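Heads up, the thing below is written out as structure tokens.
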Amino acid sequence: MRRKVIAGNWKMNMLPNEAIKFIEELSAQVKNTSNEIILCIPYTDLFYGLLTAQNTNIKIGAQNMHWEEKGAYTGEVSGQMLKSIGVEYVIIGHSERRQYFAETDETVNKKIKSALQNELKPIVCVGESLEQRETGNQEEVVKNQIKLALEGITKEDLSKIIIAYEPIWAIGTGKTATSNDANEMIKTIRNEVLSLYNEETAQKLIILYGGSVKSENSKELFSTSDIDGGLVGGASLKPDEFAKICLSV
Ligand code: PEP
């Protein structure tokens, strides 16, 4: 059976003192769960977050990285740099990065490869826009994103990757996909992985749902056959609310 994973994405929120307080409060509430709990936090919080999360069951991730190891890329942070301070996870290809920072399927693929080389575990985001859903193209769009993201990735490396299906129209809008629709799309992703790799690899892959997850809907979403947990934005900014989500399954 696949483990449940709940990952928070703080986006551009939380100063170091707030991050420390949050992790202290959250860790006390989730210490007995066997669900995997990850917080993807701003670069400026990483060091403090890692120290505070030591000896807890909370894992720390970043929200982006560059694919090159080092060089003249002003303002960027590499996988090697993240690894050097003990970061374990990194979100790659979040729709906000695709939308505002020109992230493409090609750069997503390069970043995944660089993350794996640096022994970071990528949380790879895919998902369709409202227009793509309204025109009935959502499955093709997401299958294509998966195919391009995973180009050249071995099945051994795929076991270190988490996929997050995040329909863009559901992110930060309060509109959640129904548990049935989200589960169906995640089954489609699993089938695509089956056709690219094999049955065992597809069955083992952790696939999360993201898009306005909150404590009122998390149990229903996470109890479906194929949704293995959530990538949570807004509702990951309050420790009590996020703890409820982490403990809902
Ligand atoms: C996200 O940022 O990945 C996300 C899903 O945000 P929200 O939960 O706020 O919709």
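Please read these numbers as outputs of a predicted model, since none were measured by experiment. In what follows, residues are counted from 1 in the order of the sequence shown.
The pair Glu103-Lys111 meets the salt-bridge criterion, with a side-chain N (NZ, NE, NH1 or NH2) lying under 4.0 Å from an Asp/Glu carboxylate O. The existence of a salt bridge linking Arg3 and Asp228 is excluded, since no basic side-chain nitrogen approaches an acidic carboxylate oxygen closer than 4.0 Å.
Taking a 6.0 Å sphere around CD of Glu220, one finds it holds 12 or fewer heavy atoms contributed by other residues, nucleotides or ligands. The number of heavy-atom neighbours closer than 6.0 Å to CD of Glu18, taken from other residues, nucleotides and ligands shown, is above 12. Within 6.0 Å of NZ on Lys113 lie more than 12 heavy atoms contributed by other residues, nucleotides or ligands. For Glu106, the CD atom sits in a loose shell: 12 or fewer heavy atoms of surrounding residues, nucleotides or ligands are nearer than 6.0 Å. Applying the 6.0 Å contact sphere to CZ of Phe222 captures more than 12 heavy atoms from other residues, nucleotides or ligands. Other residues, nucleotides and ligands place no more than 12 heavy atoms under 6.0 Å from the CZ atom of Phe47. Residue Glu131 qualifies as open at atom CD: its count of foreign heavy atoms under 6.0 Å is 12 or below. Other residues, nucleotides and ligands place more than 12 heavy atoms under 6.0 Å from the CD atom of Glu216.
Residues Ile60 and Leu26 share a hydrophobic cluster, clusters being chains of Ile/Leu/Val/Met/Phe/Trp/Tyr side chains in contact below 4.5 Å. Linking ILVMFWY side-chain heavy atoms closer than 4.5 Å, directly or via other members, places Ile38 and Ile163 in two distinct hydrophobic clusters. There is a path of hydrophobic side-chain contacts, each under 4.5 Å, that joins Val124 to Leu150.
Taking the six-membered ring where the residue is Trp, Trp10 and Phe22 present perpendicular rings, their angle passing 60° and hence far from 30°.
Residues Lys187 and Asn191 have side chains that never bring a donor and an acceptor to within less than 3.5 angstrom of each other. Side chains of Ser248 and Ser218: a donor on one and an acceptor on the other come within 3.5 Å. Side-chain contact, Ser129 with Gln132: a donor N or O sits under 3.5 Å from an acceptor N or O. For the residue pair Thr178 / Asn180, no side-chain donor-acceptor distance below 3.5 Å is found, with atom types taken as modelled. There is a side-chain donor-acceptor pair under 3.5 Å between Ser225 and Asn183. Asn118 and Glu69 form a side-chain donor-acceptor contact under 3.5 Å, judged by distance and modelled atom types alone. For the residue pair Asp105/Gln145, the side-chain donor-acceptor check at 3.5 Å is not satisfied. A side-chain N or O of Glu128 and one of Trp169 form a donor-acceptor pair less than 3.5 Å apart. Counted by atom type alone, Glu25 and Gln29 present zero donor-acceptor pairs between their side chains at under 3.5 Å. With hydrogens and angles left out, the side-chain atoms of Gln99 and Ser95 include no donor and acceptor closer than 3.5 Å.
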Would you list the atom pairs, donor with acceptor, under 3.5 Å between side chains in residues 84-92 and any protein atom, with sequence neighbours excluded?
residue : atom : partner : partner atom : Å
Ser84   : OG   : Met81   : O            : 2.7
Glu88   : OE2  : Lys121  : NZ           : 2.8
Tyr89   : OH   : Glu36   : OE2          : 2.5

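Applying the salt bridge (Lys or Arg N to Asp or Glu O under 4.0 Å) test to pairs two or more places apart or on separate chains, those with a residue in residues 135-151 are Glu140-Lys143.
The CG atom of Asn64 sits 11.5 Å away from the SG atom of Cys40 when rounded to the nearest 0.5 Å. A distance of 7.0 Å separates CG in Asp45 from CG in Leu15, rounded to the nearest 0.5 Å.
Hydrophobic side-chain contacts under 4.5 Å tie Tyr100 into a cluster, directly or through other members, with Phe101.
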